[in-house]
Peer 1: 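Pasting a structure here, questions to come.
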Amino acid sequence: MTVRTRFAPSPTGFMHLGGVRTALYAYLFAKQNNGKFILRIEDTDQERYVEGATDVIYDTLRACGLNWDEGPDVGGPVGPYVQSERKDTYLPYAKQLVASGHAYYCFCSKEEIDTRRAAVEAAGGTWKYDKHCQHLTQEEVEAKLAAGIPWTIRMNAPTEGETSYHDTVFGDMTFQNSEAMDDMVLIKQDGMPTYNFANVIDDHLMGITHVMRGMEYLSSTPRYNYLYNALGWEIPTYIHLPTVMRDATHKLSKRDGDAYYSDYIDKGYLTEALVNYLALVGWNPGDEREFFTLPELVEAFDVHRLNKSPGIFDVNKLTWFNAEYIRRMNPERYLELATPWFDKVLAGKNIDYHRLAELMQERTEIFSQVPDMVRFLGELPDYDIELYTHKKMKTNPEVARTALALCKPMLEGIPEAEWQETVIHDRLMEAIAASGMKNGAVLWPLRIAISGQASTPGGAMEIAYLLGKGETLRRLADGESRLANA
RNA sequence: GGCUCCGUUGUCUAGAGGCCUAGGACGUCGCCCUCUCAAGGCGAAAACACCGGUUCGAAUCCGGUCGGAGCUGCCA
């Protein structure tokens, strides 16, 4: 039997990280079994339709490398792969269930149900559809249908007995039918199937062998099994996944701007790092490896090592992964990725991006931090002369005046054409040695004068080089006047 | 409320009765290196939710308690 898994998102316009992880696991499982990974769009809720939303799904999945073997755009033998385009395939099955007594037409309006629900709940009870329409005779049903009264088709749920099934992650599950079952709507008034129904029909028609989805479906699975059985179909293997949380009590949410794939990409996280990290929330390889490429994940993934408990998405750890990926990438790629971020604050400043990139690569955790880290190169920040005081460097404004006075003529003496780091370094070190001052006592003030900030990516010599002779000297003079006025 | 699931350091986790004086990673803290920051090196603090039971022996098995989550939609 060929393994077939699917990822079946509804097009909301965003890809939730939990969804990305579900897709990832479904992809990994299919691939490691030489199976097929299918993409199906579940857009049965017309009211939630969002223009362009499927492109978000395509783009995200592709960026993550989760290429589907069958799907809306690539086609396949069991299409179409968009539920709204399959609208006509569901009703016949619903009618078949009506004929066999597993479902029935319901003519209750939402208002009528709301009224009855409110009454039950006011009395302290738990509402469940009351099978009001189940007792309609065939003649009554046909009369109402003929009269054009809006209808839905509901599952005729059993009220006794129990349903058991096995889940790969959570083990054996048993539910009392009286509690887990209810007469859920199969076909809505607008003629569309509900998720609950379409999911079962499509998974079967598309030959899905392993259903991977969030654990929120754990308690509705008995209802799906009832449908599979009623239709005489084989029940797939269930692999329910633990939830990805923001913290112990909240799921990742749109509101906090931390739930979507795009939230992270926009902040300058790398897709590879995100995928790598996500794979590890809820699963581990059983050894101490942490870094995985997608092919390595395909190799290492094991559904039996999936965790049951919800996992909190830790941005700290993600950031660490991201920083590691950045450090490990080749310098050319770093330069390419960092350039747009450099440009935000350095465009037109004639800075050697190549050298800047070398200095920044090991200091970058996420790209969105880059502009703030290099802004000072474009414009000297206003700063307090207290920065010249540093106990460990044995410097203060007084020492700084001497240090700058030492550096200035020396730097002025370097010809424009020889303004290179090695030259600057050698001249500076000679001058410092000759003066008898400590390295830090000279270099700290120099760096403060030309950068205007306490910490910088690189030291005084690197910064002087990046700034160029003219700008370095200009800032040096600025520092001297600040110190003189103090 | 009912049903279901979950419960090892702040976080992700290893752990399937003795290998655990509970291991790894992120984060945190300290030291070293050093012209700052970062990186790197070294080190530290930090957990079996609680209470009972089973057993010679429990993080691991059982029961209860507590805590959290999910479901309880003509959303998915």
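As the structure is a prediction and not an experimental result, all values here were calculated from the model.
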Peer 1: Less than 6.0 angstrom separating the ring centers of A:F291 and A:F321, yes or no?
Peer 2: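 Yes.
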
Peer 1: Round to the nearest Å and state the distance from A:R447 atom CZ to B:rU34 atom C1'.
Peer 2: 12 Å

Peer 1: Respond yes when some side-chain nitrogen or oxygen of A:T44 is under 4.0 Å from OP1 or OP2 of B:rA76, and no when none is.
Peer 2: yes

Peer 1: Keeping the roles fixed (side chain from A:Q361, backbone from A:I326), state whether a donor-acceptor pair exists under 3.5 Å.
Peer 2: yes

Peer 1: Give the nucleotide from the list B:rC35, B:rA38, B:rA14 with an atom nearest to the side chain of A:R363.
Peer 2: B:rA38

Peer 1: For B:rA45 and B:rA22, measure between their P atoms and round to the nearest Å.
Peer 2: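 My reading of the P atoms in B:rA45 and B:rA22 gives 12 Å.
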
Peer 1: Within 45° of the six-membered ring axis of A:Y388 and under 6.0 Å from that ring's centre, is NZ or CZ of A:R482 located there?
Peer 2: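 No, A:R482 and A:Y388 do not form such a contact.
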
Peer 1: Any donor-acceptor pair under 3.5 Å joining the side chain of A:T126 to the base of B:rG2?
Peer 2: no

Peer 1: Using the C1' atoms only, state how far B:rU55 lies from B:rU21, rounded to an integer number of Å.
Peer 2: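 Here B:rU21 and B:rU55 have their C1' atoms 22 Å from each other.
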
Peer 1: Scan every strand shown for a Watson-Crick or G-U wobble partner of B:rG67, both distances under 3.5 Å, and answer none if you come up empty.
Peer 2: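 B:rC6 is the nucleotide pairing with B:rG67.
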
Peer 1: Look through every strand shown and name the nucleotide pairing with B:rA45 as Watson-Crick or G-U wobble, where both distances are under 3.5 Å.
Peer 2: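 The answer is none; no pair meets the criterion.
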
Peer 1: Please determine, for the side chain of A:M173, which listed nucleotide (B:rG27, B:rU4, B:rU36) has the closest atom?
Peer 2: B:rU4

Peer 1: Is the phosphate of B:rU11 approached by A:N316 (side-chain N or O, under 4.0 Å from OP1 or OP2)?
Peer 2: no

Peer 1: Out of B:rA14, B:rC74, B:rC12, which nucleotide sits closest to the side chain of A:R305?
Peer 2: B:rA14

Peer 1: Look through every strand shown and name the nucleotide pairing with B:rA25 as Watson-Crick or G-U wobble, where both distances are under 3.5 Å.
Peer 2: B:rU11

Peer 1: For B:rA76, does either OP1 or OP2 sit under 4.0 Å from a side-chain N or O belonging to A:R213?
Peer 2: no

Peer 1: Specify the residue among A:F170 and A:Y277 whose closest nucleotide of RNA chain B lies further upstream toward the 5′ end.
Peer 2: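 It is A:F170, whose closest nucleotide lies nearer the 5' terminus.
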
Peer 1: I'd like to know if A:K392 reaches the base of B:rU36 with its side chain, counting only an N/O donor and acceptor under 3.5 Å.
Peer 2: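 No, the side chain and the base share no sub-3.5 Å donor-acceptor pair.
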
Peer 1: I want to check one thing: is the phosphate of B:rC6, taken as OP1 and OP2, less than 4.0 Å away from some side-chain N or O of A:N307?
Peer 2: no

Peer 1: Is it true that a side-chain atom of A:K128 and a backbone atom of A:S178 form a donor plus acceptor pair closer than 3.5 Å?
Peer 2: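 Present.
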
Peer 1: Is A:D43 salt-bridged to A:K87, cutoff N-O under 4.0 Å?
Peer 2: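 Between A:K87 and A:D43 there is no salt bridge, as every charged N stays at least 4.0 Å from the carboxylate O atoms.
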
Peer 1: Expressed as a whole number of Å, how far does the P atom of B:rG67 sit from that of B:rC32?
Peer 2: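 About 48 Å, rounded to a whole number of Å.
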
Peer 1: Can you tell me, in whole Å, how much space there is between the C1' of B:rG30 and that of B:rG70?
Peer 2: 43 Å

Peer 1: More 5' along RNA chain B: A:E324 or A:K128, using each one's nearest nucleotide?
Peer 2: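 The 5'-side residue here is A:E324.
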
Peer 1: The side chain of A:K188 lies closest to which of these nucleotides: B:rA76, B:rC26, B:rC3?
Peer 2: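 For the A:K188 side chain, the nearest candidate turns out to be B:rA76.
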
